[in-house]
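In what follows, every chain begins at residue 1, and chains take the letters A, B, ... in the order their sequences are listed.
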There are 2 protein chains.
Amino acid sequence: MVTIADVARHAGVAASTVSYVLSGKRTISTDTRERVQRSVRALGYRPNASARALASQRSNVLALVIPLRTGMHVPVMMQFAAAVVTTARRYDHDVLLLTADEGPDGLERVAQSSLVDALVVMDIELDDERVPVLRELPMPSVLIGYPDDADGLTCIDLDFVAAGAHCVDHLADLGHRSLALLGTPSAVYERQTGFAQRTLTGFAEAAERRGVVGVETPCEHTFDAILHTVRQLLDEHPDITGLVVQNEPIIGPLLDVLRRLGRRVPEDMSLVAICADDVAERQVPQLSSVSIPAERIGDQAVESLITKLEGGDVPALTLLPPALTARESSCQAPHRDLTTA
Amino acid sequence: MVTIADVARHAGVAASTVSYVLSGKRTISTDTRERVQRSVRALGYRPNASARALASQRSNVLALVIPLRTGMHVPVMMQFAAAVVTTARRYDHDVLLLTADEGPDGLERVAQSSLVDALVVMDIELDDERVPVLRELPMPSVLIGYPDDADGLTCIDLDFVAAGAHCVDHLADLGHRSLALLGTPSAVYERQTGFAQRTLTGFAEAAERRGVVGVETPCEHTFDAILHTVRQLLDEHPDITGLVVQNEPIIGPLLDVLRRLGRRVPEDMSLVAICADDVAERQVPQLSSVSIPAERIGDQAVESLITKLEGGDVPALTLLPPALTARESSCQAPHRDLTTA
DNA sequence: ATGGGGTGTCGAAGCGCTTCGACTGGGGTA
DNA sequence: TACCCCAGTCGAAGCGCTTCGACACCCCAT
């Protein structure tokens, strides 16, 4: 293994000079700089990460804490992780992957051992036990999602309240008067997951504001559960003509179920999903949807973290505005009466 | 930050003694050991990872290289990654996440800078450009999948040749005489991805061996592509009664397509998928399937790597035997003639 | 009583890098 | 001409840990 001393000897300079050439932290004459760079290339020198971290107190590694629990939508998380890694690399950082089931201790472990310089934590619950730990940790962190008490934290998320509301507005604009939100599995709500709760809030508030009926129900992933949930929903509320779905894996089977129950989409039943664009576009009919900008969130998270590492300031809460794309699955409500109030 | 010197002072011993207590590499009297342990707890001491890595030449970090490309099935990879992280933690290691698009250079970077002790590389192509790099690297690695020339490497994979064959055997046993393999998107084949190629081989060999007709076609992910592919397939081979599917995201839409084309599953068309069990079970009808044991592969990969790190020997190639679970989507072929030969 | 072999502990020497202070020499200013 | 300043470079001191060899000390066999 070639060390900085080897490079220094080869270039006929001191080791510290090599270091300064590499880091650019002091001015070095063009002549010397080029000579050193040639030696670096000639010897194939790579600085030893541990030595560098030890001396500089910076590991150039970010922790990414990913949930691996039931009901989480996997492809979105993967997109997200990919964005984090890619963006981190742009800033010359690497990413250490942690699973959420290490819990708060896992965060303390990697932080206090200086394995990482900063943390990105996904899937934050409204009352998340990791939050107090993050507050005390001697390094910056960014949360994806945000807890009830976000004091002193940096949080980034899609504005799910607005997302829920957008869906309602879209359907209400099309004349639908009775809507349902088909949500995530109940376990996700029970865990007090922020995005699920907030969509629900946005949905309910918007329904109220628009003076339309809005009912909500969780939905598990199995086909039978979907069938049962939808059947019961339509039995109890036969006048529902608009469905908002926040549950990516059930989308395919749901379309099936509706067909089975004799509801055509969109003629009898309009559908708006909250999901990744490619999923919406893959369906038949293509779904109107509010997309989840996983990539942008991941980018943003890393950029905020880097800014904080460099001592900069970032907003405490960044809420990305949701965008609804109307596709084939939503249309004018079948008219039964034409009163508008 | 509390250091080993603080602990040593607190316990009234030398720093080296603390180190030996922590590592267990020398015998320490019970008395001293307990005193040190108390001090460690009292001060909340955590060894500094960089210092440890620098001194011991071991970072206790494994690299995991994940593909983020088109046509890869995401949930399986996620399961896989989760298994790797979980198992690595069991052996007191962490996992650094790399994306495949850093290419061979990424591997060299993390290896030569001693950021990691070993590597797990997924999604190996038959002629993978990373393979020669891995051979030269001064640290162990495990490949998921295996290239044509696997000399000097450690590879783990599901036996996809056997998987393809199992599917054929299952259908042939049920009396089907004309089968098709609906594969991954063509990009995956063009990349010479091992698992896709090998399934194809197994499928073709088994069809030959059983004396049944076996045709193969790639299939893209969009609904239209699926519809078109299947329609064309059935036009050209109207006597096909058995379908093998190795393309997880199309499974839902495919069932739709078959329904549209007037083929009932399994009465008119038997289906066997190569996919995760939960996906198979979620469909209606539930699919007969060969499952992809992502978790076992992940475990196995890490365990092999740890063994190698400790100087142990591991088999060059571990092929996990595939298991076919018969569910509702496959049944006796509709009889048109009863000759068996 | 003496020697030998464990057992338990210590001190010091690195691991490979960054960074600080100090030094040199050349150019500009007074 | 004397002075100062700055650009460019060097040497040395760590960063916090592991590990090697050395050293007591005690117990047992002689």
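A:Thr32 comes within 4.0 angstrom of sugar-phosphate atoms only, judged by non-hydrogen atoms across all strands, and of no base. Within 4.0 Å (heavy atoms only), A:Thr3 reaches sugar-phosphate atoms of the nucleic acid but no base atom. Among the protein residues, B:Ser29 comes within range of the sugar-phosphate backbone only, with heavy atoms under 4.0 Å from sugar or phosphate atoms but none that close to a base.
Distances were taken from every side-chain heavy atom of B:Ile28 (C-beta onward) to each of C:dC10, C:dT9, C:dC17; the shortest belongs to C:dT9. For B:Arg26, the side-chain atoms get nearest to D:dA22 when compared with the rest of C:dT19, D:dC17, D:dA22.
What separates CG of A:Leu22 from C1' of C:dT19 is a distance of 14 Å, to the nearest Å. A:Arg52 places its CZ atom 10 Å from the P atom of C:dT19, with the value rounded to the nearest Å. Counting to the nearest Å, the P atom of C:dG16 and the CZ atom of A:Arg58 are 24 Å from each other. In this structure, CG of B:Asn48 is placed 13 Å from C1' of C:dC15, rounded to the nearest angstrom. The interatomic distance linking A:Leu115 (CG) with D:dG16 (C1') rounds to 14 Å, in whole Å. The nearest whole Å value for the distance from the CD atom in A:Gln57 to the P atom in C:dT19 is 9 Å. Atom CD1 in B:Ile4 sits roughly 8 Å away from atom C1' in D:dG16 (whole-Å rounding). Computed from coordinates, the A:Arg46 CZ to C:dC17 P distance equals 13 Å when rounded to whole Å.
Here the closest non-hydrogen pair linking A:Leu319 and A:Leu158 is CD2-O, 4.1 Å. Closest heavy-atom contact between B:Ala51 and B:Asn48: N-OD1, 2.9 Å.
One donor-acceptor pair, N or O on each side, does fall under 3.5 Å between the base of C:dC20 and the side chain of A:Tyr20. Scanning atom types as modelled, one donor and one acceptor separated by under 3.5 angstrom connect the side chain of A:Ser16 and the base of D:dG11.
A close approach under 4.0 Å does occur between a side-chain nitrogen or oxygen of A:Ser19 and OP1 or OP2 of C:dT18. Under 4.0 angstrom from either OP1 or OP2 of D:dG8 there lies at least one side-chain N or O belonging to A:Thr27. Contact between the side-chain N/O atoms of A:Lys25 and the OP1/OP2 oxygens of C:dT18 is not found at any separation under 4.0 Å.
Residue B:Leu54 is the one, among A:Ala55 and B:Leu54, whose nearest nucleotide of DNA chain C lies closer to the 5' end (criterion: closest heavy atom). Summary of the strand contacts: A:Ser56 and A:Arg33 both lie near DNA chain D, and taking for each the nucleotide with the nearest heavy atom, the more 5' one is attributed to A:Arg33.
The structure places CZ of B:Arg52 at 12.5 Å from CZ of B:Arg58, a figure rounded to the nearest 0.5 Å.
Heavy-atom neighbours of B:Asp127 CG from other residues, nucleotides or ligands within 6.0 Å: at or below the threshold of 12.
B:Ser29 and B:Asp31 form no side-chain donor-acceptor contact under 3.5 Å, judged by distance and modelled atom types alone.
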